[in-house]
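First up is the structure itself, then whatever we jot down about it.
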Amino acid sequence: MGPRFTLKDLLLFSLLAVVIVLVVLAMYQVDRQWQKLADIQSTLQEQAADLRRLRQSVHEMPRTPADRQGAADATGAVPPAFQRAYQATRQPGYAQGGWIVQAFAMGLKTLTPFVSTDAYASEIQNYILESLLTRDPDTLAWQGLLARDWTVSKDGLKISFDLRRNATFSDGKPVTSADVVFTYHFIMNPAIAAPRERAYYDKIKRVYAEGPGRVVFEFKEPYFNSLALAGGMPILAKHYYESYLKQPEKFNQSKALLFGSGPYRLKEGKDWTPDVGLVELDRNPRYWGPVQPAPRRLIWKIIENDSARLTTFRNGDIDVYGARPREYKQLVADKALAKRTRHFEYLSPTAGYSYIGWNESRKDKPTWFADRRVRLAMTYLTDRAGIIRHLMQGYAEPAVSPFIDSSPQHDPALKPRLYDLARAKQLLREAGFRDRNGDGVLEDAKGRPFKFKMTFFQGSEDTRRIALYLKDLYARAGIVMQPAPTEWAVMLDKIKHRDFDAIMLGWTSGVEVDIYQMFDSSQIENGGDNFIGYRNPKLDRLITEARGTVDEAKRMPLWQACERILYHDQPYTFLMRRKSLVFVDRRIHNLQVTKLGLNLGLVPMEIYIPSAEQKYTD
């Protein structure tokens with residue numbers, strides 16, 4: 001007779017299970033306590049360092065007029081870059097504190113600078129990393145941020161920056177020229193996943209320090225955007241990022257190596273992961289700037305569904321909502337919403353444009369879209385006027401190129417191509433496409449039906465509607481387009497590996513757009529942003545010439561010549577520039593529309609929430 005499982009055994013096993021659970025819980029509690037102790041120790045170390053620096057500052061306080069002149073950036077008047085924020089503090093009702101809660105329409109893959117590739121991560125980084133210069137949002141003139149002054153050599157090849165002496169990173173350590181030099185070398189290290197930035201900074205011959213407070217950028221050749229390139233580089237802390245040069249893959253695969261000198265810092269620090277489902281920034285308690293940001297905390301929730309995002313906004317759980325065109329008028333007429341919110345309608349030059357990118361090469365073999373006639377036919381079939389009129393309710397302008405119509409980069413003779421089915425069919429016939437078996441679908445010379453997938457972000461209802469609209473338009477010409485809604489993280493992987501037929505996306509823009517990143521042949525390989533594989537040697541030469549021409553009067557005709565080539569070749573079907581239709585909770589004060597758009601996200605921050613209207617307290 002074999003052994004039997006008795007009640008006594010059951011009790012023993014149950015007791016053993018209870019003991020195991022208690023041990024695991026005890027280990028968890030101990031781990032949490034150790035983590036809290038580590039946090040406390042880190043805080044105490046930072047406070048001790050602050051005290052040491054404070055004693056040192058008192059010891060080194062200027063005692064003569066000459067000394068005081070030298071310390072002007074630490075003790076003098078408010079610098080121009082902070083003037084708008086300073087003026088906000090003088091307004092009646094200004095107060096520190098409160099939270100601003102917003103929402104992203106898609107999840108973030110990583111927040112680590114350079115590794116991240118989307119505008120959402122850039123928005124977060126803007127509050128944590130700082131550059132040497134910033135633009136005045138009204139005049140667009142450059143102003144010193146981490147740099148208090150700068151000079152440009154007569155030949156334009158050398159730019160020298162004098163750093164502010166009081167600027168520090170969020171752990172209190174000073175920002176020095178060594179950090180600026182380190183940032184440049186970090187980006188240019190080929191082991192670091194920063195191909196996009198390297199494509200631009202390759203113009204720089206070297207960056208070197210002249211003492212702890214002065215740094216020099218020396219360029220290989222004249223470059224029209226040299227001041228913006230050097231002055232706009234986000235400065236990394238050498239003491240924080242240097243170790244990752246020994247283990248670059250750890251940096252490249254990281255999710256939240258985000259640390260800087262800006263007015264906010266990541267609440268969860270290195271522990272943040274996309275799984276959290278939101279991003280929280282706390283005000284940097286050691287921010288060096290002469291004007292501290294007002295909101296205590298900034299939060300972005302990830303709400304991918306458009307309807308859910310609107311419901312959350314209506315409930316007052318988020319403070320900002322970017323309305324879809326179809327709902328904008330309805331929301332404006334909503335009296336309850338109007339009582340609680342303000343709305344803004346504007347076309348920002350930096351908001352960029354949307355487009356369809358036609359992939360010209362897959363697995364080193366040309367696709368149908370490698371033929372310019374096919375791409376041009378697709379543009380004729382893409383009824384942009386109809387999209388703007390029916391789907392965007394008129395809240396957009398057709399895009400002809402990467403250059404906005406009001407820019408001197410744009411050739412006013414170029415007009416948007418209108419929908420022309422007959423012209424599209426003619427171009428497709430010239431490219432060898434026929435309905436060879438009478439099924440209503442075009443086939444190529446080998447008999448393969450003209451079918452392709454259109455990849456787009458699944459969370460945007462407007463983009464989904466545009467894709468369905470285009471599917472019908474393309475079908476009229478005998479082309480089968482299969483809409484392929486895709487998660488954002490998956491889209492980024494598809495772009496990286498150039499694994500798509502056609503893709504609907506958008507680019508943000510600058511005051512003057514440098515198209516090298518998107519259209520120069522050199523940017524096809526090694527992770528560059530010419531992920532559609534477009535090549536045109538003549539355009540490459542013109543881009544090089546335009547970038548090297550400092551004289552604006554001579555440069556603009558070169559950009560216009562580039563634009564005419566893009567208009568002829570149609571590597572993208574440029575869709576439109578959408579108006580921003582934004583609703584903001586009235587408790588957020590000092591909102592203004594500037595030449596760069598709404599000042600909601602400007603740094604230095606100039607918005608605030610009066611004490612009586614602050615919903616959240618810490």
Side-chain angles (χ1 to χ4, degrees), residues 325-326 347 351-358 360 368-369 371-407 409-431 433 435 440 442 450 452 454 456 462-481 483 501-507 509 513 515 518-519 532 534 536 539 559-579:
R326 288 176 58 84
L347 188 64
Y353 56 90
S354 57
Y355 63 88
I356 300 171
W358 308 107
E360 298 184 27
W368 290 323
F369 300 122
D371 189 323
R372 179 246 173 192
R373 295 168 296 187
V374 176
R375 300 193 302 270
L376 186 58
M378 300 310 294
T379 295
Y380 276 118
L381 290 173
T382 303
D383 183 7
R384 288 165 292 178
I387 292 172
I388 292 171
R389 186 169 56 251
H390 300 304
L391 304 182
M392 304 303 293
Q393 306 294 304
Y395 294 115
E397 293 180 355
V400 172
S401 76
F403 308 139
I404 195 167
D405 286 3
S406 58
S407 164
Q409 291 183 280
H410 170 62
D411 179 353
L414 301 179
K415 304 298 181 188
R417 288 188 174 90
L418 300 177
Y419 176 73
D420 191 334
L421 179 60
R423 177 68 175 138
K425 285 183 173 179
Q426 178 190 345
L427 286 162
L428 291 168
R429 278 196 300 273
E430 292 173 8
F433 288 92
D435 181 4
L442 298 179
F450 195 154
F452 74 95
M454 177 74 81
F456 59 91
D462 288 335
T463 308
R464 185 187 296 270
R465 288 165 57 84
I466 291 172
L468 294 176
Y469 183 69
L470 293 179
K471 179 183 178 181
D472 179 60
L473 293 176
Y474 296 162
R476 296 178 192 178
I479 297 173
V480 179
M481 185 266 269
D501 297 324
I503 194 163
M504 206 165 353
L505 272 175
W507 283 116
S509 295
V513 182
I515 59 176
M518 296 82 82
F519 298 113
I532 56 169
Y534 168 64
N536 186 317
L539 180 68
W559 284 135
Q560 291 186 7
C562 290
E563 187 186 37
R564 285 191 288 274
I565 290 178
L566 292 175
Y567 186 80
H568 175 270
D569 283 0
Q570 292 293 295
Y572 290 173
T573 291
F574 296 93
L575 292 176
M576 59 193 156
R577 301 179 189 280
R578 305 178 190 219
K579 282 187 176 180

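- In this structure, the side chain of Gln560 engages the main chain of His410 through a donor-acceptor pair within 3.5 Å.
- Interatomic distance, Arg375 CZ to Leu427 CG, rounded to the nearest 0.5 Å: 11.5 Å.
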- Task: For side chain to side chain contact (heavy atoms under 4.5 Å, CB included), just list the numbers for Met378 and Gln570, CA-CA rounded to whole Å, side-chain angles, deciding distance to a tenth of an Å, and then say yes or no.
- Result: CA-CA 9 Å; Met378 300 310 294; Gln570 292 293 295; over 6 Å; no
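- Separation of atoms OG1 (Thr382) and OH (Tyr474) is listed at 3.0 Å; rounding is to 0.5 Å.
- No donor-acceptor pair under 3.5 Å is formed between the side chain of Arg578 and the backbone N or O of Ala396.
- Defined by atom type and a distance below 3.5 Å, a donor-acceptor pair is missing between the side-chain atoms of Tyr572 and Thr379.
- If you look at Trp368 and Phe452, their ring centroids are not closer than 6.0 Å.
- Residue-environment remark: CZ (Arg423) exceeds the threshold of 12 foreign heavy atoms within 6.0 Å.
- Listed for the Arg384 side chain is a donor-acceptor partner under 3.5 Å among the backbone atoms of Ala399.
- A donor-acceptor pair under 3.5 Å is formed between the side chain of Arg373 and the backbone N or O of Glu430.
- Note: Asp569 CG to Leu539 CG = 7.5 Å, rounded to the nearest 0.5 Å.
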- Task: Might you work through the side chain to side chain contact (heavy atoms under 4.5 Å, CB included) test for Val374 and Trp358, ending with a clear yes or no?
- Result: CA-CA 10 Å; Val374 176; Trp358 308 107; over 6 Å; no
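- Phe574 does not carry Arg417 over the face of its six-membered ring by the limits of under 6.0 Å from the centre and within 45° of the normal.
- Taken from CG in Leu470 to CD1 in Ile387, the straight-line distance is 4.5 Å, to the nearest 0.5 Å.
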